Asks: 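Pasting a structure here, questions to come.
This structure is a prediction, so every number in the text was calculated from the model and none was measured. Nothing fancy with the numbering, it's 1 onward along the sequence.
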Amino acid sequence: MYLNHHVEIIVKDIKKSINFYQNILGLNLVFHETMKNESRNIDIAKLSLGDESSYSHIKLIEQPNAPQHKTGYNDINAISFRVPSNESLYYYAERLNQFDIVQYKLEKRNGHYVLPFRGPDHEELYLISNEQNIGLQTSIPADHSDINPIHQVSGLGPIYLTLSDPILTGSVFKELLQMKNSADYLIQGVESRVHVFEMGSKGHGAEIHIITDTKTKTAHGVGMIDHFAIQVEAHDDFIALENRINEIKLPYEKVNAEQYESIFIRDMNKLLIEIVDNEPKE
């Protein structure tokens with residue numbers, strides 16, 4: 001079984017983005033550091049969703065000279081953060097309004113209320129209520145956050161993909177990652193149904209939602225979600241996954257990232273997917 005582990009977001013000004021995610025949304029800054037590259041230095045930051053023990057987090061990668069991202073097909077068009085209740089959505093709506101953050105009306109998706117809003121680089125974000133959710137438990141609230149503990153962001157929610165051919169990515173989810181298409185729903189203004197893929201019975205924290213679009217071309221840049229990562233629940237699952245990848249001869253790269261090993265694959269829609277082991281490296 002798998003669960004949503006982290007996402008990486010390309011940002012123009014990392015200090016501005018840290019301020020937004022830490023001081024407005026209430027995420028916990030784990031580190032902010034400069035990585036030395038052959039051509040230039042790269043600023044990166046990691047923020048956990050909950051206290052330092054939380055498995056789910058976001059990473060920010062600064063690319064100050066990159067153009068603006070434009071959402072289109074074969075793209076990770078949005079990410080979501082779980083909050084404890086419907087009341088939490090109203091709490092954040094008021095808070096975002098205080099900071100003049102672009103937000104939209106509450107809406108219901110797949111039976112759950114969500115609050116759409118925009119990040120500092122116009123990245124598409126959602127807060128999703130965990131009130132009627134059955135599955136992964138919420139993370140432990142951070143004790144030094146400005147956000148009331150009963151409303152704090154408590155983990156990653158569904159990840160939203162826009163694909164020109166959902167069957168290609170769907171086959172990877174079903175055959176390789178053993179996910180199931182558990183539901184479908186409609187969004188106002190979108191012609192095709194949204195397909196929900198679920199990793200076990202884990203609820204919001206283990207869902208990927210797929211929208212079909214063949215009209216709008218993606219332009220990479222700041223505000224882009226570079227890739228998403230899911231984590232296995234047991235080391236044996238990680239070994240079994242690598243064996244399946246080798247059996248079907250799917251190209252992949254194995255990387256030692258922080259404390260864990262990861263496998264990176266690209267599907268036929270060119271989406272970059274990271275699978276993270278849950279057993280720390282020796």
Side-chain angles (χ1 to χ4, degrees), residues 3-71 75-81 101 117-125 139 142 144-146 152-157 159-161 218-231 252-266 270-278 280-281:
L3 46 87
N4 292 335
H5 187 258
H6 72 266
V7 296
E8 288 193 4
I9 306 171
I10 307 301
V11 303
K12 182 174 285 291
D13 182 337
I14 201 163
K15 290 182 179 178
K16 180 180 178 181
S17 292
I18 289 172
N19 179 65
F20 173 80
Y21 286 102
Q22 180 183 27
N23 298 324
I24 298 177
L25 287 191
L27 275 58
N28 181 48
L29 181 63
V30 178
F31 66 75
H32 171 206
E33 61 187 28
T34 301
M35 301 283 291
K36 292 189 176 181
N37 190 285
E38 290 182 1
S39 57
R40 64 182 181 88
N41 294 336
I42 301 175
D43 271 76
I44 64 171
K46 174 180 175 179
L47 297 100
S48 65
L49 282 61
D51 75 351
E52 291 86 348
S53 67
S54 173
Y55 65 86
S56 61
H57 59 273
I58 65 170
K59 287 184 178 178
L60 308 175
I61 314 293
E62 187 180 66
Q63 292 186 11
N65 299 318
Q68 180 63 47
H69 169 245
K70 180 181 179 182
T71 298
D75 191 24
I76 306 166
N77 70 294
I79 58 173
S80 65
F81 304 117
I101 304 301
F117 63 107
R118 294 283 179 169
D121 289 298
H122 308 290
E123 59 266 40
E124 192 172 343
L125 306 170
S139 60
H144 50 272
S145 173
D146 291 338
Q152 280 184 32
V153 169
S154 57
L156 278 175
I159 294 167
Y160 299 87
L161 312 180
T218 300
H220 293 186
V222 296
M224 170 185 174
I225 296 122
D226 177 70
H227 77 272
F228 67 93
I230 58 179
Q231 186 177 41
Y252 73 97
E253 182 180 5
K254 200 169 183 179
V255 175
N256 290 326
E258 295 187 34
Q259 303 108 327
Y260 301 93
E261 279 192 317
S262 290
I263 289 173
F264 286 84
I265 60 173
R266 280 195 187 274
K270 302 188 185 306
L271 282 179
L272 182 61
I273 304 169
E274 179 182 358
I275 301 100
V276 183
D277 195 359
N278 83 326
K281 297 177 297 186

Asks: Is the closest side-chain heavy-atom distance between Gln22 and Leu27 below 4.5 Å?
Replies: no
Asks: Nearest 0.5 Å please: distance from the CG atom of Asn278 over to the OH atom of Tyr260.
Replies: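 Reported to 0.5 Å precision, the distance equals 7.5 Å.
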Asks: Partners of Lys254 by side-chain hydrogen bond (donor to acceptor under 3.5 Å, both in side chains), sequence neighbours excluded?
Replies: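 By the side-chain hydrogen bond (donor to acceptor under 3.5 Å, both in side chains) rule, Lys254 matches Glu242.
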Asks: With sequence neighbours left out, write down each residue that passes side-chain hydrogen bond (donor to acceptor under 3.5 Å, both in side chains) with Thr71, or none if nothing qualifies.
Replies: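 For Thr71 there are no side-chain hydrogen bond (donor to acceptor under 3.5 Å, both in side chains) partners, ignoring immediate neighbours.
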Asks: For Glu123, what residues pass the side-chain hydrogen bond (donor to acceptor under 3.5 Å, both in side chains) criterion, not counting sequence neighbours?
Replies: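 Scan of Glu123 (side-chain hydrogen bond (donor to acceptor under 3.5 Å, both in side chains), adjacent residues dropped) gives Tyr21.
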Asks: Suppose we screen for side-chain hydrogen bond (donor to acceptor under 3.5 Å, both in side chains). Which residues come up paired with Asn19, at least two apart in sequence or across chains?
Replies: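 If we apply the side-chain hydrogen bond (donor to acceptor under 3.5 Å, both in side chains) test to Asn19, skipping adjacent residues, the hits are Asn23.
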Asks: Considering the options His69, Lys270, Lys70, which one meets the side-chain hydrogen bond (donor to acceptor under 3.5 Å, both in side chains) requirement together with Asp75?
Replies: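 Single pass found, and it is His69.
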Asks: How close do Val276 and Ala229 get, counting heavy atoms only, and between which atoms?
Replies: CG2-CB, 4.0 Å
Asks: Using modelled atom types only, decide if a donor and an acceptor are shared between the side chain of Gln68 and the backbone of Asp121 within a distance under 3.5 Å.
Replies: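 Flag set: sc Gln68 to bb Asp121 pair under 3.5 Å.
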Asks: Is there side-chain contact between Leu161 and Leu271, with heavy atoms separated by less than 4.5 Å?
Replies: yes
Asks: Quick one: do Ile79 and Ile9 satisfy side chain to side chain contact (heavy atoms under 4.5 Å, CB included)? Show the steps, please.
Replies: CA-CA 10 Å; Ile79 58 173; Ile9 306 171; 4.0 Å; yes
Asks: If I compare all heavy atoms of Ala66 with all of Gly221, which pair ends up nearest, and what's the gap?
Replies: CB-CA, 4.4 Å
Asks: Can you sort out the partners of Lys16 under side chain to side chain contact (heavy atoms under 4.5 Å, CB included), two or more places apart, ordered by chain and number?
Replies: Asp13, Pro120
Asks: State the CD-CG distance between Gln63 and Asp226, to the nearest 0.5 angstrom.
Replies: 8.0 Å
Asks: Once rounded to the nearest 0.5 Å, what's the spacing between atom CD1 of Ile14 and atom CD1 of Ile44?
Replies: 7.5 Å
Asks: When rounded to the nearest 0.5 angstrom, what is the spacing between CD1 in Ile58 and CG in Leu125?
Replies: 8.5 Å
Asks: Can you tell me which residue among Val7, Asn4, Leu156 is in a side chain to side chain contact (heavy atoms under 4.5 Å, CB included) with Ser56?
Replies: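 Among Val7, Asn4, Leu156, the one meeting side chain to side chain contact (heavy atoms under 4.5 Å, CB included) with Ser56 is Leu156.
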Asks: Once salt bridge (charged side-chain N to carboxylate O under 4.0 Å, His left out) is applied, what residue pairs with a partner in residues 56-68 remain, sequence neighbours excluded?
Replies: Lys59-Glu258
Asks: Within this structure, what is the CD-CG distance for the pair Glu8 and Leu60, rounded to the nearest 0.5 Å?
Replies: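 Rounded to the nearest 0.5 Å, the CD-CG separation comes out at 9.5 Å.
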Asks: If you measure from OG on Ser262 to CD1 on Ile275, what distance do you get to the nearest 0.5 Å?
Replies: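 Between Ser262 OG and Ile275 CD1, I get 8.5 Å after rounding to 0.5 Å.
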Asks: How would you list, by chain and number, every residue that makes a side chain to side chain contact (heavy atoms under 4.5 Å, CB included) with Arg118, sequence neighbours excluded?
Replies: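 Testing Arg118 for side chain to side chain contact (heavy atoms under 4.5 Å, CB included), a comparison that skips the adjacent residues, returns Val102, Tyr104, Glu124.
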Asks: Residues two or more places apart in sequence or in another chain: which of them pass side chain to side chain contact (heavy atoms under 4.5 Å, CB included) with Asn41?
Replies: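 Residues passing side chain to side chain contact (heavy atoms under 4.5 Å, CB included) with Asn41: Thr34, Lys36.
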Asks: Do the side chains of Tyr160 and Ile76 get nearer than 4.5 Å, heavy atoms only?
Replies: no
Asks: So do the side chains of His5 and His57 get within less than 4.5 Å of each other, counting heavy atoms only?
Replies: yes
Asks: Just jot down the side chain to side chain contact (heavy atoms under 4.5 Å, CB included) partners of His220, sequence neighbours excluded, or say none.
Replies: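 His220: side chain to side chain contact (heavy atoms under 4.5 Å, CB included) contacts with Thr218, Met224.
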Asks: With His227, which residues qualify under ring-ring contact (aromatic ring centres under 6.0 Å, His included), at least two apart?
Replies: His6, Phe264
